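Note sheet for the following structure.
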Amino acid sequence: MKSSLVWFRHDLRLDDNPALLAAIERGESMVPVFVWSPEEEGKWPPGSASRWWLHHSLTSLRQQLRSLGSDLVIRRGNTLAELQRLGEECRADAVFWNRRYEPAIVERDTALKSALRQRGWTVQSFNGQLLFEPTQLQTRGGQPFQVFTPFWKACLAHSEPNEPEPAPDRLPAPKTWPQSEQLEALRLLPKIDWASGMRAAWQPGSEGAVQRLQSFLEAGLETYPTDRDRPDRVGVSSISPHLHFGEIGPRRVWHEVKRLAVREKRATLDRAAESYLRELGWREFGHHLLYHFPRTTDAPLRAEFAAFPWYDRPNEVTAWQRGQTGYPLVDAGMRQLWTTGWMHNRVRMVVASFLVKDLLVPWQTGARWFWDTLVDADLANNTLGWQWSAGCGADSAPFFRIFNPVMQGERFDPLGEYVRRWVPELSQLVVPWLHRPWTASPAMLAEAGVELGKTYPFPLVDHAEARHRALTAFEGLKRT
DNA sequence: TGTTTTTTACT
DNA sequence: GTAAAAAAC
């Protein structure tokens, strides 16, 4: 009896999984496999936080497969070689997978597909990660969209993505299982245990994903349009890492949100659903852009920015990474990132603006740090976000749009609860001085136990001066 | 999903 | 003199 392989990648779930269903429908035994091959991911192999997540997500997937009478075979090394070897070992001549859209992965998968087909394999890939394929949507001129609003209108005008298929209730296992690596042998977990904050914050795996979405739909969706900007509240769904690893698919999110809105028939909920799905649209936009403009992971989409006078400022970058810039909201965000592997999106925009515009550090430096530290590090979203912040990407914030970290703190963390949580050395200060401690009187600082330059740094730069410096640099770019 | 400065409207 | 709106960056 011939067997089929299901090659799991960024689709670590059993529901809404077209590759898995295709393998089952082939009517023969099926072998689920995961291949650890970071060297095939070009300049962007998974970072430290992603590896931590992946370890636990694979544990969860393996457990779910076992509960349905199957298992997960883990291999490492060259993917083509491993799949072929596995094919010989379990007499498989077919492999199914769900597509990824990162440049190095597309290139690898394309080569792999033709190599296996040449050897007589049945090879088929599916869309499990997006609402629409990047080739499905284009402007009237036949070009990829580069502006979000018309892109999203085109998505909404398109026929809806299919309802997701439920997970199968049993999986046809092979008579004998091929050899598998121990998950521990992949060494995805950190050598020194820095992950306690992550364990406390997350439950990797599709069960955690579904729980997060359910509790958001029950308790958070209605207030999403305003609370999504409040890092001091639980105003967002926090499903980004689950979406990245495909523990839940965007089609399921889309349909569950719509179903709830239709069932409840309330205008506020309709608006909230629209607002939330729009963010799913940004994720979609990022993936489509990366597919069409693969070099943007490292180079600005707008070519004139190649001449921008960035500076590498190692000491200032280190201060930024450690949450020691002297701007409380920036530092709170960077410490939340370091501790939990995640940062609220409003704060991501603020810290990115600070690095790129106040410090004039190249956006790629920030993108690298996020790549290593975020549990939701996603090449498409990370690239879009950093190019947006730097003003050099598609539909970007204009370069002169510079966030004022104090004002952002006062507006979006009005009571200072977010800053107090992540920058405890300032916790005795009251707003508005909490957001700008250098303007507090010596008596007030002493009262709060704050000694600037000792217990908390002076501002790394003066924001007003830094803003002018950035605008001047941008003027120079416009003239050339 | 920006901030700052200038202009305008109104008291 | 103040605040809202508009313009500029």
Side-chain angles (χ1 to χ4, degrees), chain A residues 145-153 155 220 223-233 235-238 240 271-286 289 301-302 304-305 308-309 327 329-330 333 342-360 363 366-367 370 376 378 380-414 418 432 435-436 439 459 461-480:
Chain A
F145 286 100
Q146 293 194 47
V147 182
F148 176 73
T149 304
F151 169 81
W152 188 230
K153 279 193 180 142
C155 289
T223 54
Y224 182 76
T226 50
D227 279 3
R228 55 179 287 247
D229 272 324
R230 293 289 296 271
D232 56 335
R233 294 184 183 167
V236 297
S237 65
S238 299
S240 51
R271 269 197 300 278
E274 203 177 293
S275 158
Y276 182 67
L277 290 179
R278 193 180 167 83
E279 297 307 306
L280 206 57
W282 276 98
R283 172 183 183 275
E284 190 81 5
F285 187 45
L289 280 170
L301 180 68
R302 293 170 55 179
E304 69 269 26
F305 270 84
F308 192 87
Y327 282 93
L329 183 63
V330 173
W342 185 87
M343 193 194 309
H344 190 282
N345 191 56
R346 165 61 50 182
V347 191
R348 291 189 200 197
M349 292 191 282
V350 175
V351 303
S353 174
F354 187 80
L355 184 73
V356 164
K357 295 178 181 178
D358 288 49
L359 301 182
L360 291 175
W363 59 270
F370 272 29
D376 65 19
D378 180 283
N381 292 333
N382 201 44
T383 301
L384 176 66
W386 279 97
Q387 293 229 21
W388 185 90
S389 290
C392 60
D395 201 14
S396 280
F399 189 86
F400 55 73
R401 199 178 276 174
I402 298 169
F403 286 73
N404 180 324
V406 175
M407 197 179 286
Q408 289 281 314
E410 290 174 349
R411 193 186 312 170
F412 297 112
D413 183 27
Y418 179 74
H435 288 300
R436 42 182 163 91
T439 65
V461 290
D462 177 89
H463 175 69
E465 281 173 23
R467 178 172 174 274
H468 281 118
R469 183 174 68 173
L471 291 172
T472 306
F474 182 60
E475 281 304 311
L477 186 66
K478 279 202 300 193
R479 270 198 297 280
T480 54

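Bear in mind the structure is a predicted one, so any value in this text is a computation, not a measurement. Naming convention: chains lettered A, B, ... in sequence-line order (proteins, then strands); numbering from 1 in each chain. Values below: all heavy atoms of this structure, side chains included; hydrogens, waters and symmetry mates excluded.
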- Has A:Gln408 got a side-chain N or O lying under 4.0 Å from the OP1 or OP2 atom of B:dT3? yes
- Query: Can you find a side chain N or O atom of A:Arg278 that sits less than 4.0 Å from OP1 or OP2 on B:dT1?
  - Reply: no
- Query: So, does A:Ser353 use its side chain to make a donor-acceptor pair with the main chain of A:Phe403 at under 3.5 Å?
  - Reply: yes
Length of the line joining [X]:[atom1] and [N]:[atom2], which is rounded to integer Å:
X: A:Arg469; N: B:dT4; atom1: CZ; atom2: P; result: 16 Å
X: A:Met349; N: B:dT3; atom1: CE; atom2: P; result: 10 Å
X: A:Asp395; N: B:dG2; atom1: CG; atom2: P; result: 12 Å
X: A:Arg401; N: B:dT3; atom1: CZ; atom2: C1'; result: 10 Å
X: A:His463; N: B:dG2; atom1: NE2; atom2: P; result: 13 Å
X: A:Phe400; N: C:dC9; atom1: CZ; atom2: C1'; result: 6 Å
X: A:Lys357; N: C:dC9; atom1: NZ; atom2: P; result: 16 Å
X: A:Phe399; N: B:dT1; atom1: CZ; atom2: P; result: 20 Å

- Under 30°, 30 to 60°, or over 60°: which ring-plane class applies to A:Trp282 and A:Phe285, parallel, tilted or perpendicular? perpendicular
- Task: Would you mind telling me which of B:dT1, B:dT4, B:dG2 lies closest to the side-chain atoms of A:Asn404?
- Result: B:dT4
- State the OH-CD distance between A:Tyr224 and A:Glu274, to the nearest 0.5 angstrom. 12.5 Å
- Message: If I take atom CG from residue A:Leu277 and atom CD from residue A:Glu284, how far apart are they, to the nearest 0.5 angstrom?
- Response: 11.5 Å
